[in-house]
Amino acid sequence: MRKSVICWILFFVITTLLGQEPGPSQAIALVGAHIVQLDGSEPVADGVAVIEDGRIADIGPASTTSVPGGARTIRLDGAYLIPGLMNMHVHFGLVLPGAEGARLADESDAALALRMASNARKSLLSGVTTVRQPGDRRHVDIALKRAIERAEVPGPRLHSAGEMVDITAGHGARGKTHDGPYELRKAVRAEIGAGATWIKIAISGGIATQGGGIAAALMTPDEVEAVIDAAHRLGAKVTAHSGSPLATSEAVRAGIDCIEHGYFLNREVLRQMKEAGTWYVPTILVSQPATRPFFERIGSPPWYLERVESVGKDHWKALQLAIEEGVRIALGTDQLPHEPNDGTTATVREAEYYVQAGMTPLQALRAATIEPAAMLGVDKDLGSLETGKLADIVAVRSNPLQDISALRSIFFVMKGGEVVRNDRGVQSRK
Ligand SMILES: [Zn+2]
């Protein structure tokens with residue numbers, strides 16, 4: 001008797017709780033904006049994007065796109081809708097040499113996690129809805145990725161490389177290092193086991209390495225081959241920090257997926273990359289004058305500033321050649337996506353530099369959207385504004401296909417159908 005009463009109470013409580021669960025999320029209609037296409041056609045004027053359950057249910061001109069009854073309407077009159085931006089080289093836990101770096105020297109894991117979560121939130125609000133993290137510390141990047149997926153903290157969609165797989169005396173090597181094919185395979189498997197979907201290695205020296213040539217090839221071909229083979233067998237991709245033509249050429253031959261920075265890449269190696277379909281993430285920002293005030297702000301030491309200047313011209317030339325040769329480029333900054341730079345954000349300034357180096361505005365916009373989506377293997381779901389894709393949508397005030405600097409005017413950000421920023425705040429219920 002008593003048991004059945006308890007059962008009845010439990011049944012009542014459970015059904016009541018279930019009854020309070022929100023039903024299928026309300027449809028949203030973004031209306032009045034131009035829809036920017038990435039296929040070279042003109043933006044669709046007076047467009048409508050209908051969002052249901054986090055995805056684009058329908059998108060096109062108002063005349064042919066029907067808005068379901070009961071949808072929440074958000075007016076974005078005169079704006080231009082573009083896909084959420086993607087930044088492929090971000091360390092949310094970035095620590096650089098200098099005064100700011102010294103302050104963070106004893107940072108605890110808890111403090112690092114909070115700083116990274118704060119950066120992830122700011123990144124999202126700046127219009128960057130997908131980020132690749134090519135190497136952070138103590139797997140906080142993977143914890144952050146999971147926390148964002150569980151909606152515990154706001155942030156972009158993350159693709160993480162876990163900790164960089166370092167060789168002894170390599171660029172950025174801190175703590176544990178691995179040498180020879182055997183140790184490297186083990187290290188790659190450990191990162192993938194911890195949740196990494198990319199592996200990051202450094203095959204040449206770098207700007208932040210004091211001593212050691214940026215153009216030197218640091219890993220032997222059998223080491224690079226072992227890393228790539230071990231990663232590919234487990235379904236992960238490999239990217240390499242590289243300034244060196246020789247190291248890059250060897251890595252491309254071994255089947256690497258992507259090259260970061262490429263400070264000294266020449267036409268020959270870039271052609272090899274183009275032929276092999278190797279991706280290039282230029283992070284041009286790190287060596288160009290627009291970023292100097294940032295380095296001064298964080299108290300970068302003189303040797304660091306000298307190294308930045310010494311690679312700037314070659315880096316710029318490599319980017320120009322890569323564009324000329326048609327190497328597939330995905331935007332990345334190696335700065336926080338939202339870091340103030342030249343009156344805008346690092347992500348937007350990077351895209352502007354691509355146009356200055358020879359891209360059309362369309363190419364630069366693609367490098368910040370559909371190209372990274374293809375590189376990550378998520379272009380079925382992200383990277384363009386099409387029916388069926390996830391609703392990661394950004395609105396700007398003018399046409400970015402005419403002038404890429406239109407990206408400076410981002411005022412509305414939606415991720416997975418959720419409005420995370422709307423500076424106009426013009427919303428009405430139908
Ligand atoms: Zn980096």
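Values below: all heavy atoms of this structure, side chains included; hydrogens, waters and symmetry mates excluded. Indexing begins at 1, ligand by ligand and atom by atom, following the structure's order.
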Trainee: Is any side-chain heavy atom of Arg157 less than 4.5 Å from a side-chain heavy atom of Lys415?
Mentor: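 Heavy-atom side-chain distance check passes, below 4.5 Å.
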Trainee: Backbone or side chain, does His241 get an N/O/S atom under 2.8 Å to the Zn ion (ligand 1)?
Mentor: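 Within the cut-off used here (under 2.8 Å), His241 places no N, O or S atom near the Zn ion (ligand 1).
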Trainee: Give the atom name of whichever N/O/S atom in Asp334 sits closest to the Zn ion (ligand 1).
Mentor: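 When I compare the N, O and S atoms of Asp334, OD1 is nearest to the Zn ion (ligand 1).
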Trainee: Can you tell whether the side chains of Lys274 and Glu325 come within less than 4.0 Å, N to carboxylate O?
Mentor: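 Glu325 and Lys274: not salt-bridged.
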Trainee: Strictly under 6.0 Å, is that where the ring centroids of His315 and His261 end up?
Mentor: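 His315 vs His261: aromatic centres not under 6.0 Å.
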Trainee: Regarding His261, does it place an N, O or S atom less than 2.8 Å from the Zn ion (ligand 1)?
Mentor: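 No, His261 does not qualify, because none of its backbone or side-chain N, O or S atoms lies under 2.8 Å.
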Trainee: Can a salt bridge be assigned to the pair Arg349 and Glu352 using a cut-off of 4.0 Å between side-chain N and carboxylate O?
Mentor: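 Here Arg349 pairs with Glu352 in a salt bridge, since their nearest N and O are under 4.0 Å apart.
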